[in-house]
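To start, the structure itself, in structure tokens.
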Amino acid sequence: MSSSHKIHIHGNVKQEHAHSITPLEHHKVMTADYKRRLIWSLILTIPILLLSPEVQGALRYTIDFPGRDIVLWILSTIVYVYGGKPFLLGLVAEVKKKLPGMMTLIGVAISVAYLYSTAVVFIIPGRTFFWELATLIDIMLFGHWIEMKSVLGASKALEKLAKALPTVAHLVKNGEYIDVHVSKLKPGDKILVRPGEKIPVDGVIIDGSTSVDESLITGESKPVYKKPGDKVIAGTLNLDGSIIVKALGVGKDTYLSQVIELVKQIQMSKSRAQDLADRAAKWLTIIALSAGALTFTIWVLHGFDTLFALERAVTVMVIACPHALGLAIPLVVARSTAIAASNGILIRNRMAFEKAKDIQAVIFDKTGTLTKGELGVNKVVVLDPEYDSKKILYLAATLEQYSEHPIAKGIINYVQQRNIDIGKAVEFKALPGIGVEGIVDGLKVRVVSSSYIEEHNITITEEVKELLRKGNTVVFVLVDDKLVGAIALSDIIREESREAIEVLKKMGIKAIMLTGDNKEVAKYVAEELGIDEFYAEVLPHEKALVVRKVKEKYVTAMVGDGINDAPALMEADVGIAIGAGTDIAIESADIILVKNDPRDVPKAIELSRRTYKKIKQNLLWATGYNAFAIPAAAGVLYSIGFLLPPALGALFMSISTVIVAVNASLLR
């Protein structure tokens, strides 16, 4: 690619445009520009300081020659025009928009100092402001350079996400592999991904198996084993096996592209705290200009000379500049967004994320959220002394391996996890609505439902009846028409759910469960997890009504994954979607948990609390210091001999900016 062509991120799609630059490149240019202006201004400030009569008087040395003031004026003019250019252009832009702000204050301050000093050199008697002008510009350039470096760090996070998407894919066509640009891929295409390569599309593996590093997406460093039928995500790294992937999402429809767009929207969006900061900045600008004019007028009316009054007015305007205020919120927002994304928490709605700090109750959908949404064996009951649990599982699995029923999959997975052998069956037959049967090791074996047991009046034990009452799915194993055992299955509770509920309780947040399952199942899961309250047998359209009811008492979050959760997610104060859920649920949510881990719910709430705390700290610092600084700059302490010089005022302003930036970076 030639140097005249750059990659430009527009929307969700990477496109090539001539003579266009990325946001990251723009920030690099701006950062370099401020640095360059700062360096040259500092170099010119040294002779300005050495030649200034005030500095010479303070340090008790003398450098004087004919035309000294002209040399000072020339050097200061260069600093004013070159070093002050960003502030002068900003002043013009803000005046045109009728939105006075930071640039207006700095521009007015340096212009007043320069124009007055120029008049002193060529027209009127008095003392010049050249050294104050130069140091003020130096300090403000330094503050802006620090700000641009901070913004650059936030932009790099977005650029890293964009670079994670490969540009070339190996398209499988007519048995051959053709290298094509990813923009040429379409859903349904088959792509070869070799070991060590990044996966170019969202898709499903149709051939081969491998381990995939998904840390970019989920934050989980442990590689994930993938086999045919498993989904893969664009931008993740294929580690140790060649795979053929059928494309499901390409280009702007890939998960990573959507993440990039989300991050961009978040960085551009304004939160309530940011709106507050903007309003404060506007009023602070009005106060600064008014205070400057009032300070000048009062000192003149009290008989002080114009130079003294002007110095006080300039210092007031410098001190009141809302530089740190403009930086206070964006840096915290950028930092919290990056932290959230790196932990697999995507924030779609900034306003809702801020509200998460106030959450008092979290409502969890059960299936697919607190549970895995798949059946698993939780108990094997031996009903014949000639058999043990291992033998019962062996017989059941040997038949169920030929079935695609969810119950069959649950039994097979359980048996495989425990390394129990699976035999071979003959004369296998599916019994619709009842179960399966066949010959295993010469024995006639049936695995049947409870309806078969009832129909044939087969007696079961109280233990099995209790399992049924608790909502378990129970299948029965019969050998030669004799009941030998029962296998109870239920929706598998996520191990992470227990820890999530415990943490929420420690945070003082009520945990509530909402499910369409029967009350016995709901009661069992609630007791297992320590849920405070549960609603069972709730129809999909009723879920939003339950959320509305809970909202009457508490600030409420809803966590769900299915299409039937979408209205409830929208109804809640904060909607949180489990990342593996449906697109509709994700689109309805304010926060998305990429890792499908309920423990990320309290993490998101805690991050919201810490983010808000940092925002408050920054707002208080960015505005609070004015309570002392503006009166001091105006000269109210003059009676005790204290006057705040303009350069020292500028230093205070820049220090406050640096403190705000450092405080934001300390968010964890």
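Not measured: the values here are computed from a predicted model.
- Taking CE from Met570 and CG from Asp590, the interatomic distance works out to 8.0 Å, rounded to the nearest 0.5 Å.
- One finds a salt bridge joining Asp600 and Lys603 here, because a Lys/Arg side-chain nitrogen approaches an Asp/Glu carboxylate oxygen to under 4.0 Å.
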Return a table of donor-acceptor pairs under 3.5 angstrom between the side chains of residues 502-515 and protein atoms on other chains or two or more places apart.
{"from": "Lys505", "atom 1": "NZ", "to": "Gly530", "atom 2": "O", "distance (Å)": "2.5"}
{"from": "Thr515", "atom 1": "OG1", "to": "Asp517", "atom 2": "N", "distance (Å)": "3.0"}

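- Note that CG of Leu667 is 11.0 Å distant from NZ of Lys613, once rounded to the nearest 0.5 Å.
- A heavy-atom distance below 4.5 Å is found between the side chains of Arg446 and Asp481.
- Across all their heavy atoms, Val436 and Ala430 have their closest contact at CG1-CA, 4.2 Å.
- The two atoms that bring Val381 and Ile392 nearest to each other are O-CD1, 4.0 Å, heavy atoms only.
- The main-chain N or O of Lys227 is found under 3.5 Å from a side-chain atom of Asp230 such that the two form a donor-acceptor pair.
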**Message:** Determine whether Arg609 and Glu606 satisfy the following criterion, side-chain contact (heavy atoms from CB on, under 4.5 Å), listing intermediate values before the conclusion.
**Reply:** CA-CA 5 Å; Arg609 290 179 177 180; Glu606 179 63 20; 4.1 Å; yes
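- Remark: the backbone N or O of Arg599 is paired with a side-chain donor or acceptor of Asp597 at under 3.5 angstrom.
- With hydrogens and angles ignored, the 3.5 Å screen pairs a side-chain donor or acceptor of Asn472 with a backbone N or O of Leu467.
- In terms of heavy-atom proximity, Pro200 sits nearest to Val193 at CD-CG2, 4.0 Å.
- Note that CD1 of Ile458 is 11.5 Å distant from OG of Ser450, once rounded to the nearest 0.5 Å.
- Considering CD of Glu496 and CG of Leu370, their distance stands at 11.0 Å, rounded to 0.5 Å.
- In this structure, OH in Tyr402 is found 9.5 Å from CD1 in Ile412, a value given to the nearest 0.5 Å.
- A 4.5 Å side-chain heavy-atom check between Asp358 and Asp573 finds every atom pair outside the cut-off.
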**Request:** Mind running side-chain contact (heavy atoms from CB on, under 4.5 Å) on Ile411 and Val377 for me, showing each step along the way?
**Result:** CA-CA 6 Å; Ile411 293 173; Val377 175; 4.2 Å; yes
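- Here the side chain of Gln401 pairs a donor or acceptor atom with the backbone of Thr398 at under 3.5 angstrom.
- Counting heavy atoms from C-beta on, the side chains of Tyr535 and Glu542 never come closer than 4.5 Å.
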**Request:** Give the intermediate values and the outcome of side-chain hydrogen bond (donor to acceptor under 3.5 Å, both in side chains) for residues Tyr394 and Asp441.
**Result:** CA-CA 11 Å; Tyr394 164 79; Asp441 298 341; 2.8 Å; yes
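- Counting only distance, with no hydrogens or angles, the side chain of Ser608 and the backbone of Phe353 share a donor-acceptor pair below 3.5 Å.
- Heavy atoms of other residues, nucleotides or ligands lying less than 6.0 angstrom from NZ of Lys551 number more than 12.
- Distance CG/Asp491 to CG/Asn378: 10.5 Å, rounded to 0.5 Å.
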**Request:** Take Leu431 and Lys429, measure what side-chain contact (heavy atoms from CB on, under 4.5 Å) needs, and give me the verdict at the end.
**Result:** CA-CA 6 Å; Leu431 307 172; Lys429 184 192 295 183; 4.0 Å; yes
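- Nearest heavy atoms, Leu529 versus Ser497: CD2-CB, 3.9 Å.
- With respect to Glu552 and Lys549, no salt bridge is recorded, no charged nitrogen being found less than 4.0 Å from a carboxylate O.
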**Item:** Worked verdict on Thr371 versus Ile492 for side-chain contact (heavy atoms from CB on, under 4.5 Å)
**Value:** CA-CA 5 Å; Thr371 66; Ile492 303 170; 6.0 Å; no
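- Thr369 and Arg494 make their closest contact through O-NE, 2.9 Å (heavy atoms, listed as atom of the first residue, atom of the second, distance).
- Across every non-hydrogen atom of Phe364 and Ile501, the tightest pair is CE1-CD1, 3.7 Å.
- For the pair Val484/Leu383, no side-chain contact is recorded, criterion being any heavy-atom separation below 4.5 Å from C-beta on.
- Look at Lys390 and Asp388 and you find no salt bridge, because none of the NZ, NE, NH1 or NH2 atoms lies under 4.0 Å from a carboxylate O.
- The shortest side-chain heavy-atom distance between Pro228 and Asp207 does not fall under the 4.5 Å cut-off.
- Looking only at distances, a side-chain donor or acceptor of Thr556 sits under 3.5 Å from a matching main-chain atom of Tyr554.
- In this structure the side chain of Leu593 reaches within 4.5 angstrom of the side chain of Ile345, judged on heavy atoms.
- Residues Ile460 and Val474 form no side-chain contact, since every pair of their non-hydrogen atoms from C-beta on lies 4.5 Å or further apart.
- With a 4.5 Å cut-off on side-chain heavy atoms, Lys366 and Phe534 do not count as touching.
- Proximity of a side-chain donor or acceptor of Asn238 to a complementary backbone N or O of Gly241 within less than 3.5 Å is detected.
- Checked by atom type and distance alone, the side chain of Asp384 pairs as donor or acceptor with a backbone atom of Glu386 at under 3.5 Å.
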